[in-house]
Amino acid sequence: MNQFKIITHVFFAITCTLAIQSKSFAEPTCLSQLKTEIKAYHDSGEYNKELTQAIATATHYIVQRAETNEKSTHPQKLAIVLDIDETCLSNYSYLIARDFADDKQKMHSAWREAKAPAIKPMLSLYRKALENHVSVFFVTAREKSFQKPTYENLKSAGYQQWTGIYFKPEHYDLPSKIPFKTEAREKITQKGYTVIASIGDQMSDLVGGYTEKTFKLPNPWYFAP
Ligand SMILES: [Mg+2]
């Protein structure tokens, strides 16, 4: 092969390589990178900062609303609705132990262990609500079969009393928890309560009505429709 042909071949090979390298894909960030980012979000204190800010805003609103209600000539029976997981109790140590895998069996065994710690700012909100004569209801996507360990965990974490807890029905087969959670708030309303706030980390805690306000808490670890 003469020198001209060699140069031509090399030039062609370089052009092809560049063409391949410059092709852009619509691929999202790779999974291991995302896991590193969400761990950093937690470990840097940013998660706790944003969580605390969101809960402080909710607490301020609840206390103000309760004070206004007490002064009213016709006070209402006020209530708040709290989700449990990643709202009142933290499963972070379990999530990290299973490398954030969406593993139902492991999630259920964590619920049975009943050792999830309280999300501290939420425990303060809960206490403030009770001090201000606002009833507390829990509405959770945990099934009724987890009632016993859930009661045990809530109590050991500091949530000693509540007016009601709504568990997801055992054979609930809708793809979204929105209808279940909405219906639970509707039932609370039918009991004569005015739900002033629904607080949670998932969309199902926020949409569907039967609450005056909603407050979203951060949760980048999992999505539950
Ligand atoms: Mg939750």
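The chain is numbered in sequence order, starting from 1. All ligand and atom numbering here is 1-based and tracks the order in the structure.
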Handout entry: Heavy atoms from other residues, nucleotides or ligands near CG of D103 exceed 12 (cutoff 6.0 Å)
Key = yes

Handout entry: Shortest-distance N, O or S atom of D83 relative to the Mg ion (ligand 1)
Key = OD2

Problem - Row check, Y61 ring normal vs K213 NZ/CZ: under 6.0 Å, within 45° - result: yes

Practice task
State whether D85 contributes an N/O/S atom found under 2.8 Å from the Mg ion (ligand 1).
Solution key: yes

Practice task
Check whether any N, O or S atom of E86 sits under 2.8 Å from the Mg ion (ligand 1).
Solution key: no

Handout entry: Lys/Arg-Asp/Glu bridge criterion (N-O < 4.0 Å) met for K71, E67
Key = no

Handout entry: Shortest non-hydrogen contact from S156 toward A114
Key = OG-O, 4.1 Å

Exercise for the section: Give the atom name of whichever N/O/S atom in D201 sits closest to the Mg ion (ligand 1). Expected result: OD1

